[in-house]
Amino acid sequence: MKTKKQNADFLHVGRKLLDWYKIHGRDLPFRKTSDPYKIWICEIIFQQTRIEQGLNHYNNFIQRFPDLKTLAAAENDEVLLYWKGLGYYSRALNLHKAAHQIMTEYKGVFPQEYDDILRLKGVGKYTAAAISSICFGKKIPAVDGNFYRVLSRVFADDFDVSKSKAFDYFSDLALKAMPENEAGTFNEAMMDLGSEICKPKNPLCENCPLNEDCLAFNLGKIQDFPVKTKKTKPTDLALQYSFVEFEGEFLIKQRGDDFIWKKLYEFPIEVPKEWNAFITRQKTVLHKLTHKNLSIVINHIVVESREMMEIFADENGFMIVNEEEAHQKSFPKPLENYLADRFKSKL
DNA sequence: AATGCGGGGTG
DNA sequence: CACCCAGCATT
């Protein structure tokens, strides 16, 4: 059974959260700024990505592209290069598009209105809310996985977070708990509590500033929340590549922007049948993605002349690169690993 | 409303 | 092995 909560009770929880954050909040590079460009970059990078995983990427990215103008002027390939290994590569493509969007539609000045920010490519309701609140003080909750977890537990709310309506539902809950004029801090505090204390598994409830108020904790039902019914089932996919090499140079080509690994580089998939005679070894790599179990067979082919590669490259749109040049391109993780293995003797 | 999209961490 | 992470675009 659910008890009716007064607005004052929600606010009480929100204030406790802010008090905790002022002492225990994480010291992160993007916490020191309210530059919407930097907050935007950080929010995109950390979509579906843990802080520890993306922190170096964020620092490198900001160092290379310190402002909007620099990013907009950059080559697409270089933006992709700085995204290498982060995954969800459409984020990098949309990021670059949005940079151009701001240059042309907003004369290079980052828009301040939630509705305008929301129209940027790759920016959804969460990111628009985060930028609006952190940079421009708008009172809008940035509802993410942390919000779902914390709020569903504190209020023992079994609303299914995999439903489309969950965002608006928990936005309303969060809004009631959000003190005036501290929206940005509140949003950051919720993220920190969610990742440091109110973790998915083994939450540290004994150290939680909200444990007196947390219904799920006091009912001993922490593990029942949040309720999430959606189940993602990976499918199997077999890929075949040929690593075609001659004296340290090899063939690569950029992928399309559909399917997986958008705009990343890869080895040839089909090669002339005659080249089968040049296969020196074959390696099978198993690689797990969230939605796919990949089985990748890589034939290592050493052709007999550079001309063989040149003809093939001309006819099929491949480029011939050496290891150094390949470092300037972004490859899918399993191919990156293959290259690292192939060239590790060098150096 | 449902699906696809990476890579890495955790239990 | 399953589940999750500072979500979004597309259909």
Side-chain angles (χ1 to χ4, degrees), chain A residues 25-26 28-31 38-58 80 83-95 97-98 117-134 141-150 160-168 170 174 184 186-196 198-203 223 225-235 237 255-264 286-294 330-337:
Chain A
R26 288 176 292 182
L28 300 168
F30 38 86
R31 289 277 166 77
K38 293 196 177 73
I39 298 300
W40 168 52
I41 300 300
C42 125
E43 293 303 339
I44 301 296
I45 285 181
F46 292 112
Q47 284 168 10
Q48 297 293 282
T49 304
R50 294 170 201 281
I51 296 298
E52 315 81 70
Q53 187 188 351
L55 206 45
N56 285 336
H57 282 87
Y58 171 79
L80 250 350
W83 212 266
K84 180 163 65 175
L86 265 182
Y88 286 163
Y89 299 96
S90 60
R91 291 183 294 172
L93 302 176
N94 286 330
L95 191 69
K97 282 181 199 161
I117 298 172
L118 188 56
R119 281 187 206 104
L120 299 175
K121 296 292 291 180
V123 173
K125 287 191 288 185
Y126 159 77
T127 303
I131 298 173
S132 299
S133 62
I134 294 171
V143 177
D144 67 343
N146 293 305
F147 275 63
Y148 289 152
R149 199 165 52 252
V150 173
D160 185 351
V161 301
S162 48
K163 298 286 192 181
S164 302
K165 301 289 291 179
F167 186 93
D168 291 328
F170 285 99
F186 176 89
N187 285 334
E188 291 173 319
M190 195 70 95
M191 297 176 204
D192 277 15
L193 189 77
S195 59
E196 304 291 284
C198 198
K199 301 185 294 182
K201 306 290 181 188
N202 300 334
Q223 66 278 14
F225 302 95
V227 173
K228 182 187 241 174
T229 59
K230 187 172 56 180
K231 52 196 89 179
T232 140
K233 46 178 190 298
T235 55
L237 178 65
R255 293 179 61 83
D257 61 1
D258 58 337
F259 201 40
I260 57 176
W261 297 325
K262 301 186 209 317
K263 290 294 185 182
L264 266 52
L286 301 180
H287 190 77
K288 293 173 71 69
L289 305 180
T290 302
H291 301 273
K292 285 184 172 53
N293 293 323
L294 301 180
S330 191
F331 290 87
K333 200 64 183 178
L335 301 189
E336 180 80 14
N337 292 342

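The sequence lines fix the lettering, A, B, ..., with proteins before strands; numbering per chain opens at 1. Keep in mind it's a predicted model, so treat the numbers as computed, not measured.
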Mind checking what makes side chain to side chain donor-acceptor pair (under 3.5 Å) contact with [X], not counting sequence neighbours?
X      : result
A:K262 : none
A:D144 : A:N146
A:R31  : A:Y21, A:E188, A:D192

Determine whether more than 12 heavy atoms belonging to other residues, nucleotides or ligands lie under 6.0 Å from atom NZ of A:K84. yes

Using the C1' atom on both, measure B:dG6 against C:dC3 and round to a whole Å. 15 Å

Taking C:dA6 as the reference, what is the distance to B:dT10 when you measure between their P atoms (whole Å, please)? 12 Å

Of A:G122 and A:R31, whose nearest nucleotide on DNA chain C comes first from the 5' end?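 Per heavy-atom nearest nucleotide, the more 5' residue is A:R31.
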
What nucleic acid atoms does [X] come within less than 4.0 Å of, heavy atoms only: base, sugar-phosphate, or nothing?
X      : value
A:T127 : sugar-phosphate
A:I41  : nothing
A:K125 : sugar-phosphate

Nucleic acid footprint by protein, nucleotides 1-11 of chain B - heavy-atom cut-off 4.0 Å, B for base, S for sugar-phosphate alone: B---BBBB--S

Partner set under side-chain contact (heavy atoms from CB on, under 4.5 Å) for A:A142, not counting sequence neighbours: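 Counting only residues at least two positions away or on another chain, A:A142 forms a side-chain contact (heavy atoms from CB on, under 4.5 Å) with A:Y126, A:A129, A:A130, A:N187, A:M191.
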
Within this structure, what is the [atom1]-to-[atom2] distance between [X] and [N], rounded to whole angstrom?
X      : N     : atom1 : atom2 : answer
A:I131 : C:dC8 : CD1   : C1'   : 13 Å
A:I44  : C:dC8 : CD1   : P     : 7 Å
A:I39  : C:dA6 : CD1   : C1'   : 11 Å
A:W40  : C:dC8 : CH2   : P     : 13 Å
A:L55  : C:dA6 : CG    : C1'   : 12 Å
A:F167 : C:dA6 : CZ    : P     : 15 Å
A:F30  : C:dA6 : CZ    : C1'   : 8 Å
A:K121 : C:dA9 : NZ    : P     : 6 Å

Please list, chain by chain and in numerical order, all residues satisfying salt bridge (Lys or Arg N to Asp or Glu O under 4.0 Å) with A:D160, sequence neighbours excluded.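 Not a single residue meets the salt bridge (Lys or Arg N to Asp or Glu O under 4.0 Å) criterion with A:D160.
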
Could you check whether any side-chain N or O of A:S162 sits under 3.5 Å from a backbone N or O of A:T229, counting only pairs where one atom can act as donor and the other as acceptor?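 Between the backbone of A:T229 and the side chain of A:S162 there is a qualifying donor-acceptor contact (under 3.5 Å).
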
Any side-chain N or O of A:R149 below 4.0 angstrom from OP1/OP2 of C:dC5?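 Yes.
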
